[in-house]
Amino acid sequence: MFSIDGKTFKNKENKSEGNMEFLKKIEEKWQKAWEKAKIFEADPNPKKQKFFVTFPYPYMNGPLHVGHAFTASRIDVYARFKRMQGYNVLFPWAWHWTGQPLMGASERVAKGDEEFIRILKEVDGVPENELKKFVDPIYMATYYTNESRTAVKKLGLSIDWRREFNTIMPTYQKFIKWQYENLKEKGYVIRGTHPVIWCPHCKSPTGDHDRQEGVGVTPEEYTLIKFKLDEETYLPAATFRPETIYGVTNIWINPDATYVKALINGEKWIISEKAAEKLKEQLRKVDIKRKFKGRELIGKTFENPVTKERMPILPGWFVDPEQATGVVYSVPAHAPYDWLALKDLQEKPEILQEFGLNPKILEKIKPISIIKVEGFGEYPAIEITRKMGVRDQHDPKAEEATKIIYKKEFHGGILKENCMEYAGKKVRDVKEQLIEDFKKRGIADSMYDLPQPVICRCLTPCIVKILEDQWFLKYSDPKWKEKVKEAIKKMRIYPETATQWFLTVVDWLKDWACARRTGLGTQVPWSKGWIIETLSDSTIYMAFYTINKHIKKYKIKPEMLTKEVFNYIFYGKGKINEISSKSGIEKHILEEMHNEFLYWYPVDLRVSAKELVPNHLTFFLFHHTALFPPKHWPKAIGVNGMLMIEGKQMHKSKGNFVTLKNAVETYGADATRCTLLLGAEGMDDSDWRSGNVRDMQNKLQTLYNFAKKIIEEKGENERGHLEKWLISILQRRIKEVTENLEKMKTRTALETALFEVWNDIRWYIRRKEKTTKTLKETLKMWLKLLTPFIPHICEELWSELKGEGFISIAEWPKINEKLIDLETEEKENIIKGLIEDTANIIKVMKKPPKKIFYYTAAEWKWKVYLKTLRRIKDGEINIKKIIEELARDNEIKEKIKDAAKLISKITRESSKISEKRKENILKIGKINEKEIIEDAKKFLEKKFHAEIEVYSEEDEKRYDPKLKAVQAMPCKPAIYIE
RNA sequence: GCGGGGGUUGCCGAGUCUGGUCAAAGGCGCAGGCUUCAGGAGCCUGUCCCGUAGGGGUUCGUGGGUUCAAAUCCCACCCCCCGCACCA
């Protein structure tokens with residue numbers, strides 16, 4: 001009896017550690033062997049087709065984690081798969097050091113940030129003596145890079161390390177300079193201004209991750225309507241709804257807030273004190289002339305610039321002087337707050353008297369309806385406050401009411417007759433045009449402000465600042481967008497559903513500020529004090545991999561890497577002799593580099609997690625289309641989900657951060673890879689559960705033992721039905737795995753290669769009860785299918801199988817269609833079906849069987865069966881017609897009544913048979929069922945612990961006390977159990 | 001709000017494009033048996049409900065619809081995840 005025991009590597013004290021040690025040993029062994037044999041070092045080979053895969057270099061302000069490993073494993077699987085298919089595969093690696101976080105992290109260490117240091121020690125596992133040196137960001141980056149390199153190697157990735165670099169190496173910086181000079185020349189980099197959230201203390205933009213409070217807040221642009229107070233003084237009221245200017249009745253000023261009269265770019269404005277401060281940061285010259293309380297303004301009048309009417313200024317305490325200009329105009333018909341404030345004043349006339357005003361002025365103020373919107377009448381603001389029962393301007397429900405009205409009127413509102421040239425238009429359609437028009441007419445301006453407070457990590461409240469002299473990548477350029485879309489259409493994207501996302505991102509992308517003031521990185525070549533921002537210096541660096549090998553090998557100095565040199569290498573531009581003598585790089589080296597670039601480019605596949613779709617991956621496409629001809633545009637992008645830890649998002653601070661190093665050391669490379677890959681494919685998020693990894697470890701150990709057992713058995717030289725079956729099934733598996741891998745469906749591919757094939761082999765062994773040469777051959781194929789996923793164990797088993805060379809570079813199994821044997825498979829299906837039916841009956845009998853009798857269908861039933869199936873397949877189920885045809889056969893004519901019954905039964909049950917199988921059965925024709933059941937008799941007897949007898953339904957001598965034999969159908973023998 | 005992806009049997013997760021083969025792959029978990037000195041190991045069997053004969057019943061976010069037939073197609077609704085910019 002063939003059985004597989006799991007005792008080969010047991011360890012008395014602790015079994016799982018015993019496994020681990022063994023697996024680790026073979027992992028180390030093979031990693032060393034690969035390195036020594038340099039099998040992953042790829043050089044141009046004109047005889048072989050190339051394949052260039054890349055992973056977005058990871059940022060080195062911390063250790064790599066299992067999330068990186070997830071994406072990297074997918075790439076590695078693909079790289080290994082392609083390599084086995086005979087491609088010359090290049091999989092390089094590098095490290096991202098550019099940007100602020102590395103500096104920031106280093107600063108926090110220098111400042112002695114306890115929480116931060118605790119995380120470095122506990123999560124990242126940084127030893128005390130190293131930690132001290134982290135005050136130098138470069139040291140920190142070096143430390144993490146070294147740690148990560150070790151971890152990556154331990155994961156067994158098939159990388160060509162000769163091309164490694166980090167992004168602050170002077171040679172790389174020369175490359176980036178070349179890139180940006182080029183982009184600028186082509187007009188893709190432009191100068192501009194941009195509002196950012198700014199910390200006045202740190203003197204730098206405050207990104208989301210730099211914030212103590214206000215994560216996700218972005219600057220909002222208010223339109224300022226410049227109401228005239230007198231001939232030369234303006235009262236700029238801030239609004240998001242400038243279209244409501246036609247419905248203004250008054251202005252609100254907070255009587256208790258401080259306002260100023262100031263010269264703003266030479267114009268006299270009255271705004272809140274805060275607003276004046278803010279405008280200073282928004283490219284305005286601000287000269288404050290006088291400060292005063294808002295109450296001074298109450299009762300004065302102003303002129304509406306579109307209607308030229310004069311209206312009063314009234315007191316409104318809901319006006320927040322911190323928001324925008326602190327001046328608000330009132331549209332009581334459409335703004336709940338305005339209506340409520342007005343009502344408050346009406347109800348308490350004494351308030352106005354306090355300001356020395358006659359309450360009668362309120363009588364003149366009538367709401368002006370200007371927007372028609374479904375579901376509301378003339379005055380939506382009034383209606384909704386009544387409906388919602390909003391008490392006054394201090395009621396929190398006022399906020400909600402405002403939101404509802406705003407949304408309703410924006411999406412469905414139509415401007416009424418009194419809106420002059422905008423009458424009859426939809427609010428949403430006209431808004432932008434209207435703002436532009438008003439600005440042109442000089443009656444509107446704008447300013448930025450924050451909808452909610454943002455506090456920097458240094459605890460300083462942030463403001464909106466407009467940066468001057470910023471450099472932008474002109475992603476808004478429609479022509480550029482078109483080119484990128486063209487690239488997307490030409491390339492393959494895995495999964496396909498991500499394509500739409502890319503296309504919308506391209507449309508949505510605006511100009512991107514590509515330079516920063518602080519952080520590590522490359523100087524903007526034409527502007528001192530600016531550094532190319534991280535997402536902008538990582539777009540075409542894959543080209544740098546192709547030549548960094550030479551830069552290192554020939555010790556090429558950064559100053560030798562001139563613009564002309566890069567132009568020659570990447571574009572073939574210029575006269576090589578001249579470039580060589582000018583740069584000092586020998587001619588043959590220049591040629592070599594040029595050729596190496598031409599050999600490897602374009603990138604054949606780049607894979608990352610989906611979070612990079614709206615930024616890095618799309619930038620990668622933008623820059624390639626800008627700088628390279630279409631033949632060098634990327635060929636494919638793979639996108640995968642994010643990695644969750646025990647069902648939750650991974651966070652250092654949440655204590656569920658799993659470093660790559662830790663995972664590999666605890667569970668081993670193969671188990672780590674498989675667990676990650678089995679977790680998800682497509683854009684689904686994968687979930688890392690320690691329970692799963694442990695199971696996987698066991699599974700792989702079992703796999704090893706299972707295979708080892710097969711290798712050790714001598715193996716009979718037989719080639720019968722079961723061998724044909726195994727080989728046939730294997731062809732299908734090869735096909736499935738190959739096809740899924742091609743589509744980056746790594747999960748399905750692994751699932752099939754590992755579990756489905758395993759089950760097939762188990763079935764074979766169970767049926768066969770001994771090992772054979774065929775089984776050993778199958779094992780070889782199986783190991784090859786598994787190698788991309790489980791390279792170390794496969795390599796070990798391969799060597800034990802005395803396989804030639806490394807399995808990592810062995811030939812990928814090819815499907816041999818001729819070995820797919822439908823009849824054999826169908827026969828085995830009959831056995832499987834028979835077992836299922838038998839087991840079902842036994843289950844219902846509720847007692848163990850003693851004897852089982854099978855009756856195979858009579859000859860004439862087969863004729864009826866095949867004929868009927870044919871007709872069903874062809875789509876004409878006319879029973880009468882079938883009977884007529886069959887009646888020509890004398891044998892059937894005798895049993896025409898039974899035949900008719902059979903036909904209707906077949907018709908009924910045929911829906912349970914797949915089209916594919918119907919086709920197969922028709923192709924095969926009559927199967928000798930008796931023979932195959934007899935063949936499987938021993939196996940079946942053992943399975944059911946019962947004696948078995950097989951008869952044909954027509955057998956005169958059959959034992960059939962319950963007359964079950966008549967039930968026999970082709971492919972479904974009748975059963976009787978005692 | 002906008003955009004992208006999803007909701008399947010105890011769990012993870014196929015199946016949905018191309019309707020019938022779907023009570024629905026595979027894995028995990030759980031239960032029973034075997035093996036073992038022992039085992040969080042391995043092997044076998046079972047795992048929606050009912051059934052002393054291979055059968056029947058109820059399921060695939062919710063509610064409708066199309067069809068001889070729907071997890072799969074159409075419509076409406078509910079829920080979850082991700083991204084939204086100067087930041088890697």
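The chains referred to below are lettered A, B, ... by the order of the sequence lines, with proteins before strands, and numbering in each begins at 1.
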Remember a base hit wins even if backbone is also touched, and classify A/R762 as base, sugar-phosphate or nothing at under 4.0 Å, heavy atoms. sugar-phosphate
Centroid-centroid distance, A/Y475 to A/F619, less than 6.0 Å: yes
Closest to the A/N840 side chain: B/G42, B/G54, B/A88? B/G54
Could A/D507 and A/K481 be called an ion pair, given the rule that one side-chain N must be under 4.0 Å from one carboxylate O? no
Does the ring of A/W508 meet both stacking tests against the six-membered base ring of B/A85: centre distance under 5.5 Å and plane angle under 30°? yes
What distance, rounded to whole Å, do you find between the two C1' atoms, one in B/C48 and one in B/A31? 16 Å
Salt bridge flag under 4.0 Å for residues A/R732 and A/E825: yes
How far does the C1' atom of B/C49 sit from the matching atom of B/G40, given to the nearest Å? 33 Å
Once you apply a heavy-atom cut-off of 4.0 Å, does A/Q967 come out as touching a base, just sugar-phosphate, or nothing? base
Sidechain N-carboxylate O distance under 4.0 Å for A/K743, A/E496: no
Specify the separation, in whole Å, of atom NZ of A/K850 and atom C1' of B/A53. 17 Å
When the distance from NZ of A/K465 to P of B/A85 is rounded to whole Å, what number comes out? 21 Å
Is A/R747 salt-bridged to A/E681, going by a charged N under 4.0 Å from an acidic O? no
Expressed in whole Å, how much space separates the P atoms belonging to B/G4 and B/U8? 22 Å
What does B/U16 pair with, Watson-Crick or G-U, if both distances are under 3.5 Å? none
Taking the minimum atom-to-atom distance to the side chain of A/D837, which one of B/G54, B/A53, B/A88 wins? B/G54
Would you verify whether the NZ or CZ of A/K964 falls within 45 degrees of the ring axis of A/Y976 while also being under 6.0 Å from that six-membered ring's centre? no
For A/F55 and B/A88, what is the distance between atoms CZ and P respectively, to the nearest whole Å? 17 Å
Taking only the side-chain heavy atoms of A/N615 (C-beta and beyond), determine which of B/A53, B/G4, B/A88 contains the nearest atom. B/A88
Nearest whole Å is fine: how far is B/A85 C1' from A/E533 CD? 9 Å
Atom pair CG (A/D837) and CD1 (A/I975), whose distance is rounded to the nearest 0.5 Å: 5.0 Å
Are A/M650 and A/M642 close enough that some pair of their side-chain heavy atoms sits under 4.5 Å apart? no
Considering only side-chain heavy atoms of A/D695, which listed nucleotide, B/A85, B/G55, B/G29, is closest? B/G29
Sort out the partner of B/C2 for me: Watson-Crick or G-U wobble, both distances under 3.5 Å, none otherwise. B/G83
Using the P atoms only, state how far B/C12 lies from B/G61, rounded to an integer number of Å. 14 Å
Between A/N705 (CG) and B/A41 (P), how many Å, whole number? 14 Å
Give me the distance, rounded to whole Å, that separates B/A70 from B/A85 when you measure between the C1' atoms they each carry. 44 Å
Would you indicate what A/S686 reaches in the nucleic acid, counting non-hydrogen atoms under 4.0 angstrom: base, sugar-phosphate, or nothing? nothing
Looking at A/K943, does any N or O in its side chain come under 4.0 Å of the phosphate oxygens OP1/OP2 on B/U45? yes
Under 4.0 Å, counting only non-hydrogen atoms across every strand here, what does A/Q649 touch: a base, just sugar-phosphate, or nothing? sugar-phosphate
Quick one: A/W758 CH2 to B/G42 P, roughly how many Å, whole number? 9 Å
Applying a 4.0 Å non-hydrogen cut-off, can you work out what A/V844 is touching in the nucleic acid: base, sugar-phosphate, or nothing? base
If you only use heavy atoms from C-beta on, which nucleotide in B/G83, B/G42, B/G54 is closest to the side chain of A/A974? B/G54
If you find the nucleotide of RNA chain B closest to A/M683 and the one closest to A/N61, which residue's nucleotide is nearer the 5' end? A/M683
Could you work out which one of B/C43, B/A85, B/G26 sits closest to the side chain of A/F755? B/G26
Pairwise P distance, B/G26 and B/C80 [rounded to whole Å]: 33 Å
Return whichever of A/I841 or A/F619 has its heavy-atom-nearest nucleotide of RNA chain B closer to the 5' end. A/I841
Counting only heavy atoms not in A/E836, do more than 12 fall under 6.0 Å of its CD? no
Specify the separation, in whole Å, of atom CZ of A/F853 and atom P of B/G54. 19 Å
Side-chain contact check for A/T504: nearest option of B/G4, B/A88, B/G42 is B/G4
In whole Å, measure the gap between the P atoms of B/G13 and B/G65 for me. 32 Å
A/L535, nearest nucleotide to its side chain (from B/A88, B/G55, B/A53): B/A88
Within the structure shown, what part of the strands sits under 4.0 Å from A/A498 by heavy-atom distance: base, sugar-phosphate, or nothing? nothing
Nearest-angstrom distance from the residue atom CD1 of A/I842 to C1' of B/G46: 14 Å
Measuring to OP1 and OP2 of B/C44, would you say a side-chain N or O of A/R766 lies under 4.0 angstrom away? yes
Check whether any side-chain nitrogen or oxygen of A/N759 sits under 4.0 Å from OP1 or OP2 of B/G27, and answer yes or no. yes
Pairwise C1' distance, B/G10 and B/U47 [rounded to whole Å]: 10 Å
Quick one: do A/F657 and A/H65 satisfy ring-ring contact (aromatic ring centres under 6.0 Å, His included)? Show the steps, please. CA-CA 7 Å; A/F657 192 86; A/H65 51 73; 5.4 Å; yes
Does A/R733 come within less than 4.0 Å of A/E736, counting only side-chain N to carboxylate O? yes
Tabulated below should be each protein N or O lying under 3.5 Å from an N or O of nucleotides 8-15 of chain B; please produce it.
residue: B/G13; atom: O2'; partner: A/R747; partner atom: NH2; Å: 2.3

Below 4.0 angstrom from OP1 or OP2 of B/A88, is there any side-chain N or O of A/R516? yes
Using a cut-off of 4.0 Å on non-hydrogen atoms, how would the nucleic acid contact of A/I197 be classed: base, sugar-phosphate, or nothing? nothing
Regarding A/P973, tell me which of base, sugar-phosphate or nothing describes its non-hydrogen contacts under 4.0 Å with the strands shown. base
